[in-house]
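Step one of this worksheet: look at the structure below.
Every value quoted in this text rests on a predicted model; they were computed, and no experiment measured them. Residue indices begin at 1 and follow the sequence shown. Just so it is clear, the values below take in all heavy atoms, side chains as well, and ignore hydrogens, waters and symmetry mates.
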Amino acid sequence: MPKSSSLFDFHLLLLFTIFSLAAADAIAAARPITQQFKEAPQFYNSEICPKIVGEDDESDNGTSIFLCSDQSVHVAMTLDSAYIRGSMAAVLSILQHSSCPQNIVFHFVASATANASFLRATISSSFPYLNFQVYSFDDSSVSRLISTSIRSALDCPLNYARSYLADLLPACVRRIVYLDSDLVLVDDIAKLAATQLGDNSVLAAPEHCNANFTSYFTLTFWSSPTLSLTFANRKPCYFNTGVMVIDLDRWRRGDYTKKIEEWMEIQKSTRIYELGSLPPFLLVFAGNIVAVDHRWNQHGLGGDNFKGLCRDLHPGPVSLLHWSGKGKPWVRLDANRPCPLDALWAPYDLLQTPFALDS
């Protein structure tokens, strides 16, 4: 009898151990992994840079004059825990290649459900001298309008935040360069920011008129005269919304956020496209933008939206490399399956590895 009791106790202990380990694994899987990033070097303005007048002062409503200065280069990006490694690399690349890095102001948009204090602290610890603001984006303002697309990652509400920049940023910010988080610059961003928008254009971006524009919309769209006539008297070309120069004053006056939302509402009732936040931009702006040299968006380096296969650069000079598509360089590098061009992203990676040694 004692022997049988001991065997029972052993099995009971074994089951308890198994369940305890399983529970521990579940807790570990649910706990977010905190990434540690290295501190980037400080970058200084060259002698030719304009001085921001009153940069240490505040306006009547408490807004920094530096933040509102037209002489600053304003950069808008989204910020979340999934892509923060890419965002850090993008910021480093911008500062490193800028003639006037101290005149750059970053406007980071984060989901209202994100840990904004953690994101803010992460940026500050790696870039102690960075001029930046973090804005809260209410996902519910757009989630009701989002339709499922060909890749679930494209359905994240934060992907649509670029449509709400004119509302999120202070009214004193008149022009911004919007950038995705999966890119690096190898040229001075001030050149891109200085793009002339003419008398009427709201935004500028590299156009790709050799792309099959009709493929971005469904047969339902093209077979409906009411819908397809939106491109009448326009010569629409594809452009990637991951790199744009936007006149926020003109955007506000034209209420372009509402125009984008109207197309998203049509999509909810009649499926007119398969991709996420890109088609509404094309519907509103294609054929009416200022074309920027292709060097400012060597996009598609992440491959297509299904397999993320390796791709080469497009012919011509390069000022900005963009890993749009499914494959991200940091994921492929961690998996030890990098594409050749991922080596161009790696020098900007600020992730602190567990085995890093102090030099």
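Residues meeting the ring-ring contact (aromatic ring centres under 6.0 Å, His included) test with Trp263, sequence neighbours left out: none. Residues that satisfy the side chain to side chain donor-acceptor pair (under 3.5 Å) test with His107, not counting sequence neighbours, are His74, Tyr135. With sequence neighbours left out, Arg174 forms a salt bridge (Lys or Arg N to Asp or Glu O under 4.0 Å) with Asp70, Asp249. With sequence neighbours left out, the side-chain contact (heavy atoms from CB on, under 4.5 Å) criterion links Ala193 to Val73, Val177. Applying the side chain to side chain donor-acceptor pair (under 3.5 Å) criterion to Tyr216, with sequence neighbours excluded, gives no partner residue. With sequence neighbours left out, the side chain to side chain donor-acceptor pair (under 3.5 Å) criterion links Arg85 to Asp334, Asp349. In this structure, the side-chain contact (heavy atoms from CB on, under 4.5 Å) partners of Ser117, at least two apart in sequence or on a different chain, are Asn115. Under the rule for a side-chain contact (heavy atoms from CB on, under 4.5 Å), the partners of Pro338 that lie at least two apart in sequence or sit in another chain are Leu333, Asp342. Judged as a side chain to side chain donor-acceptor pair (under 3.5 Å), and not counting sequence neighbours, Asp293 has no contacts. Here Pro50 pairs with Gln71, Cys100, Asn103 under the side-chain contact (heavy atoms from CB on, under 4.5 Å) rule; sequence neighbours left out.
Under the 4.0 Å criterion applied to side-chain N and carboxylate O atoms, Asp180 and Arg162 are assigned as salt-bridge partners.
Under the 30°/60° scheme for interplanar angles, the aromatic rings of Trp251 and Phe281 are found to be tilted.
For the residue pair Thr195 and Trp296, no side-chain donor N or O sits within less than 3.5 Å of a side-chain acceptor on the partner. Between the side chains of His97 and Asp187, no donor-acceptor pair of N or O atoms lies under 3.5 Å. A donor-acceptor contact closer than 3.5 angstrom is absent between the side chains of Thr220 and Arg271. No hydrogens or angles considered: a donor-acceptor pair under 3.5 Å links the side chains of Asp139 and Ser111.
Pairs of residues two or more places apart, or lying in two chains, that qualify as ring-ring contact (aromatic ring centres under 6.0 Å, His included) and include a residue from residues 162-196 are Phe137-Tyr164.
Put simply, the side chain of Glu39 never gets that close to the backbone of Phe127: no donor and acceptor are under 3.5 Å apart.
Placement of Tyr129 and Leu92 in two distinct hydrophobic clusters is found when ILVMFWY residues are connected by side-chain heavy-atom separations under 4.5 Å, directly or transitively.
In the hydrophobic clustering, Leu197 connects to Val290, either directly or through intervening members, whenever side-chain heavy atoms lie under 4.5 Å apart.
Distance CG/Leu320 to OG/Ser93: 7.5 Å, rounded to 0.5 Å.
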